[in-house]
Amino acid sequence: MTTRPSGRAADALRPVSIETGFARHAEGSALIRMGGTEVLCAASVEPRVPPFLRGQGKGWVTAEYGMLPRATHSRGPREAAKGKQSGRTQEIQRLIGRSLRAVTDLTALGEISITVDCDVLNADGGTRCAAITGAWVALRLALEKLVRNRVLARVPLTAQVAAISCGLTGAGPVLDLDYDEDSTAAADANFVLTETGGIVEIQGTAEQAPFSQAQFEALLRLAQDGTTHLFAAQRAAVDAALAARSDAS
């Protein structure tokens, strides 16, 4: 058994902070920091839905994801300059959208669309997980604004959702992989969970030999414990934002 590059305990998250209101013009926004990973999540509201939902009385929640060119160790070209998104980008933004819709009552939302843009400012592993966790805060604040403006009678969320990565490394099963661990892990998995104990999605991959059910269950337990702290951080960020709004009014 070896120690982790960061010196963290196996079940330790990187330092987490969520700053709301960072995107001043968005209906809801959150800048989430998990160690060296920073993702800006901004929720925008539109009073219409995609064509496939028109006339059904249901809303839509979706997401877009991208990285700044120097979010990583070397410059990556802007996807707009290439004229198309990479398969990775498309897969991640679909994951974020699915995760948010899983905890949104789309019928109660009505014919309103909310797009959450998730832009990675700095990447040090776990960007999709940080994006999901921050996106929920941005979505919640956008919905709170719709309630405050009497567009909605209530916030149409059924649960919190957050995500965390886990992996099998030389230190054994570990929580919240940074880049050094993620790039060398024998297996890694992303867990998208709700605070009510639900599983939204699990993405797990063996990079070397297959991993066992017992190892998977160890990763799941780490993820469940880790997201408990993320749910608390989400609630604290939302409560602080709503208190600040109340004081301002």
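This is a predicted model, so every value here is computed, not measured.
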For Arg101 and Trp60, indicate whether the former's side chain and the latter's backbone hold a donor-acceptor pair under 3.5 Å. no

Heavy-atom donor-acceptor pair, Thr227 side chain to Ala162 backbone, under 3.5 Å: no

Between Arg150 and Ala153, is there a donor-acceptor pair closer than 3.5 Å when you use the side chain of the first and the backbone of the second? no

Indicate, with yes or no, if the rings of Trp136 and Phe231 have centres closer together than 6.0 Å. no

Could you state the interatomic distance from CG (Leu100) to CG (Leu139), rounded to the nearest 0.5 Å? 5.5 Å

Should the pair His73 and Tyr179 be assigned to parallel (<30°), tilted (30 to 60°) or perpendicular (>60°) ring geometry? tilted

Strictly below 4.0 Å, N to O, side chains only: are Glu144 and Arg140 in salt-bridge contact? yes

Testing Gln93, Glu79, Gln90 for side chain to side chain donor-acceptor pair (under 3.5 Å) with Gln85, which one passes? Gln93

Please say yes or no: joined through hydrophobic side-chain contacts below 4.5 Å, possibly via intermediate residues, are Val120 and Phe22 part of one cluster? no

Test Val61 against Leu109 for side-chain contact (heavy atoms from CB on, under 4.5 Å), laying out the working first. CA-CA 9 Å; Val61 176; Leu109 180 58; 4.1 Å; yes

Indicate yes or no for a side-chain donor-acceptor contact from Thr62 to the backbone of Gly97 under 3.5 Å, with no hydrogens or angles considered. no

Is a donor on one side and an acceptor on the other found under 3.5 Å between the side chain of Thr205 and the backbone of Asp188? no

Straight-line distance of Ile132 CD1 to Phe191 CZ, nearest 0.5 Å: 13.0 Å

Main-chain N/O of Val45 paired to Glu27 side chain as donor or acceptor, under 3.5 Å: yes

Do the side chains of Gln234 and Ile18 get nearer than 4.5 Å, heavy atoms only? yes

Thinking salt bridges, do Glu201 and Arg128 make one under a 4.0 Å N-O criterion? no

Is the shortest heavy-atom distance from the side chain of Arg88 to the side chain of Tyr65 under 4.5 Å? yes

So, Thr37 side chain and Asp124 main chain: donor-acceptor pair closer than 3.5 Å or not? yes

Tell me whether Leu177 shares a hydrophobic cluster with Leu230, the cluster being built from Ile, Leu, Val, Met, Phe, Trp, Tyr side chains joined at under 4.5 Å. no

Check whether Arg8 reaches the backbone of Asp176 with its side chain - one donor and one acceptor, N or O, closer than 3.5 Å. yes

For Glu111 and Gly59, indicate whether the former's side chain and the latter's backbone hold a donor-acceptor pair under 3.5 Å. no

